[in-house]
Student: 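I have a structure I would like to understand better, so I am pasting it below and will then ask my questions one at a time.
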Amino acid sequence: MILLVVCFLLGASASLCCYFLTPMADSLWNLLWLILMVPTGFALSFGLYLVCLLFWGFTVNTKKVRDKPSKIALWNLTQGATGACFFCRAHIKVTGLEKLPKNQKVMYVSNHLSNFDQLAMLTAFDGYHTIFVSKPENFNIVVAGPLIAKAGYIPINREDAFEGVKSIRKAADFIKNDQYSVGICPEGTRSKDHEFHEFHHGSFKIALWGKCPIVVLGIQNTWAIAKRFPWRSTKVYIDILEVIPYEEFADKKTPEISDHCHKVIEEYLEKNRHRDYRFRGKKGSISSNEEVK
C-alpha cells in the first residue's frame, strides 16, 4: 500500500506542476485535463517503478538459493503484489488474523486455485514476513522471478525426491531460525478443473522439522481475477480456518496431519461455495446470507 500511495503522490504532484506551470491554468476548462492527468501520472509512476525492477532483475542470479534473503526484495515483492491486486480490481477480504501466533513463525497451508494465490496472500499478510515454496518455472517470470529469488522463495522440484527433500528442509530451517514464515500449497499445482485435490503429505515435514504451528487457510475466487478483469472487480476471500500448535501434531505422522488439514479446507470450500463465482445463482448453492464460521 505504501508504494501505491507514493506513486499516487508523484503522479498528482507531476500533474499539478504541469497544470500550474504551463498555460493550462489560464482556463478552467483545463481542469478536466487535470482530472485525467492525475490517474495517468499514477499509472506512469507505477510503470516506471516496474521498469526499474526489470533492469535490476538482470543482475540477479535466479538459480541461487539464498541463506540470507533480502528483506528489501520481499518488501518490493509485497508492494508489487498489492499494486497488482489493485490494478486487477481484486478486493482481498481476510478473516482470522487475530488467530495468528504473536512473535512466532508459522507454516501456511492452503488450497491452490490460480497464479494469483500468492499475490493475494502477500497482500493479505503484508508485514508478517512470509515467503513461499514455489515451482521453479516461477523464477523465470520477468520482474517477479528475480524478486522472489532475492526474497528467499524456495524452488521445489517435485520430479526429484532428493531435491524436494532439500527444499522442504530449507523451508523448515527458515522457520526454525526465526527468519520467515513459509507458505505452501500441498496440492502441488493449481487446480485447473476447480476441484480440490489431494495433498502431498511430505509438505508437512516443514512444520515437523521447523517445530512451528500450522496455519490452515481457505482461498476463494483468485481463479476469477483474470476472467473478470478489466470490466468487473473480483472479491477474493482468504480465511484463516485453524491454527494448530506444534505440540498437537508433534507425535503424528505426516499423512495424518495432511488429511486433517485437507478435511478442514474441504469442509470450508463446501460450506462457502455460495461465495464462489461458479456457483452463484445455481440451484443447490448455499444461501449467500449464511454466516461463515
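Quick caveat, the model's predicted, so the values are computed rather than measured.
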Student: Treat each ILVMFWY residue as a node, draw an edge where side-chain heavy atoms are under 4.5 Å apart, and state whether L97 and M121 are in one component.
Tutor: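 In one cluster with L97: M121, yes.
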Student: Hey, quick one: are L53 and L48 part of the same hydrophobic cluster, counting side-chain heavy atoms closer than 4.5 Å, chains of contacts allowed?
Tutor: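 Hydrophobic grouping puts L53 apart from L48.
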Student: Name the orientation class of the two ring planes belonging to F199 and F196 (parallel below 30°, tilted from 30 to 60°, perpendicular beyond 60°).
Tutor: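 Plane angle over 60°, so perpendicular.
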Student: Do we get K235 above Y237's six-membered ring, with its NZ or CZ under 6.0 Å from the centre and within 45° of the axis?
Tutor: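 No cation-pi geometry.
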Student: Give me the atom names and distance for the closest heavy-atom approach of Y268 to G218.
Tutor: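 Residues Y268 and G218, closest heavy atoms: CE2-CA, 3.3 Å.
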Student: Which residues pass the side chain to side chain donor-acceptor pair (under 3.5 Å) test with H260, sequence neighbours left out?
Tutor: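 If we apply the side chain to side chain donor-acceptor pair (under 3.5 Å) test to H260, skipping adjacent residues, the hits are E242.
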Student: Any sub-3.5 Å donor-acceptor pair from N177's side-chain atoms to Q179's backbone N or O?
Tutor: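 Judged by distance alone, no pair lies under 3.5 Å.
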Student: Just verifying a value: how many Å separate S114 OG and I219 CD1, rounded to the nearest 0.5 Å?
Tutor: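 Answer for the OG-CD1 pair, S114 versus I219, is 9.5 Å.
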Student: Is there side-chain contact between T234 and Y277, with heavy atoms separated by less than 4.5 Å?
Tutor: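 With C-beta onward as the side chain, the pair touches.
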Student: Nearest 0.5 angstrom please: L241 CG to N272 CG, how far?
Tutor: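 Here the rounded value is 8.5 Å.
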Student: About how many Å separate OG1 of T82 and CG of L77, when rounded to the nearest 0.5 Å?
Tutor: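 Answer rounded to 0.5 Å: 9.5 Å.
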Student: I need the T130 OG1 to F174 CZ distance, nearest 0.5 Å.
Tutor: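 If we round to the nearest 0.5 Å, T130:OG1 and F174:CZ are 13.0 Å apart.
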Student: Treating Ile, Leu, Val, Met, Phe, Trp and Tyr as nodes and any side-chain heavy-atom pair under 4.5 angstrom as an edge, say whether F86 and L50 lie in one connected cluster.
Tutor: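 Looking at the clustering, L50 is in the same group as F86.
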Student: Mind checking the NZ-NE2 spacing from K93 to H91? Nearest 0.5 Å is all I need.
Tutor: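 Reported value, rounded in 0.5 Å steps: 12.5 Å.
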Student: Is there a side-chain contact between C212 and K105 in this structure, where contact means two heavy atoms from C-beta onward sitting under 4.5 Å apart?
Tutor: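 Sidechains of K105 and C212: no contact.
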Student: What verdict does the salt bridge (Lys or Arg N to Asp or Glu O under 4.0 Å) test give for E266 and K263, after you've listed the backbone C-alpha separation in whole Å, the side-chain angles of each residue and the deciding distance to 0.1 Å?
Tutor: CA-CA 5 Å; E266 187 174 41; K263 182 179 180 181; over 6 Å; no
Student: What heavy-atom pair brings L119 and A84 nearest, and what distance separates the two atoms?
Tutor: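 Shortest heavy-atom contact: CD1-CB, 4.3 Å.
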Student: Contact between I214 and C261 at the side-chain level, heavy atoms closer than 4.5 Å - yes or no?
Tutor: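 SC-SC contact between I214 and C261 confirmed.
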Student: Would one find more than 12 heavy atoms of other residues, nucleotides or ligands at under 6.0 Å from atom CG of D251?
Tutor: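 No.
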Student: Does H197 form a side-chain contact (heavy atoms from CB on, under 4.5 Å) with N111? I'd like the steps, not just the answer.
Tutor: CA-CA 8 Å; H197 297 281; N111 53 314; over 6 Å; no
Student: Heavy atoms only: give me the nearest I156-S167 pair and the separation to one decimal.
Tutor: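 Smallest heavy-atom distance, with atoms named: CA-OG, 3.7 Å.
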Student: Does D239 pair with K271 as a salt bridge, N-O distance under 4.0 Å?
Tutor: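 So D239 does not pair with K271 through a salt bridge.
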Student: Would you check if the side chain of R89 reaches a backbone N or O of F229 as a donor-acceptor pair within less than 3.5 Å?
Tutor: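 Between the backbone of F229 and the side chain of R89 there is no qualifying donor-acceptor contact (under 3.5 Å).
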Student: Decide whether L44 and F42 are clustered together by the hydrophobic rule: side chain heavy atoms of Ile, Leu, Val, Met, Phe, Trp, Tyr closer than 4.5 Å, transitively.
Tutor: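 No, it is not one cluster - the side chains of L44 and F42 are not joined through contacts under 4.5 Å.
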Student: Is there side-chain contact between F204 and M107, with heavy atoms separated by less than 4.5 Å?
Tutor: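 Yes, their side chains come closer than 4.5 Å.
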Student: Mind checking side chain to side chain donor-acceptor pair (under 3.5 Å) for D259 and listing every partner two or more places apart, or none if nothing turns up?
Tutor: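 By the side chain to side chain donor-acceptor pair (under 3.5 Å) rule, D259 matches no residue at all.
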Student: Sequence neighbours excluded, which residues qualify as side chain to side chain donor-acceptor pair (under 3.5 Å) partners of K205?
Tutor: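 By the side chain to side chain donor-acceptor pair (under 3.5 Å) rule, K205 matches no residue at all.
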Student: Can you name the closest pair of heavy atoms from I240 and L217 and give their distance?
Tutor: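 Looks like CG1-CD2, 3.5 Å.
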Student: Determine the minimum heavy-atom distance between S203 and I168, stating which atoms define it.
Tutor: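 Minimum heavy-atom contact is CA-CD1, 4.1 Å.
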Student: Please tabulate, one pair per line, all N/O donor-acceptor pairs under 3.5 Å involving side-chain atoms of residues 132-152, not counting sequence neighbours.
Tutor:
unit_1	atom_1	unit_2	atom_2	d
S134	OG	N138	ND2	2.6

Student: Mind checking whether V165 and I206 sit in one hydrophobic cluster, side chains of I, L, V, M, F, W, Y counted as touching below 4.5 Å?
Tutor: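 Yes: a chain of side-chain contacts under 4.5 Å links V165 to I206.
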Student: Closest heavy-atom contact between Y246 and L208?
Tutor: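 Here Y246 and L208 meet closest at CE1-O, 3.8 Å.
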Student: Atom CD of Q104 and atom NZ of K211: how far apart are they, to the nearest 0.5 Å?
Tutor: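 Here the rounded value is 13.0 Å.
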Student: Quick one: does I92's side chain get under 4.5 Å of C85's, heavy atoms only?
Tutor: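 The answer is yes; the side chains approach within 4.5 Å.
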Student: Output every pair passing ring pair (Phe, Tyr, Trp, His ring centres under 6.0 Å) with a member in residues 100-125, not counting sequence neighbours, ordered by first then second residue.
Tutor: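 Non-adjacent pairs meeting ring pair (Phe, Tyr, Trp, His ring centres under 6.0 Å): Y108-F125.
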Student: In chain order, what residues pass the side chain to side chain donor-acceptor pair (under 3.5 Å) check against T222, with sequence neighbours excluded?
Tutor: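 Only D117 meet the side chain to side chain donor-acceptor pair (under 3.5 Å) criterion with T222.
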Student: D276 versus N221: any side-chain heavy-atom pair under 4.5 Å?
Tutor: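 They are in contact (side-chain heavy atoms under 4.5 Å apart), so the answer is yes.
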Student: Verify the ring-centre separation between F46 and F87: is it less than 6.0 angstrom?
Tutor: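 Between F46 and F87, which both carry aromatic rings, the centre distance is below 6.0 Å.
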Student: Does the R228 side chain pair with the main chain of A90, one donor and one acceptor, at a distance under 3.5 Å?
Tutor: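 No.
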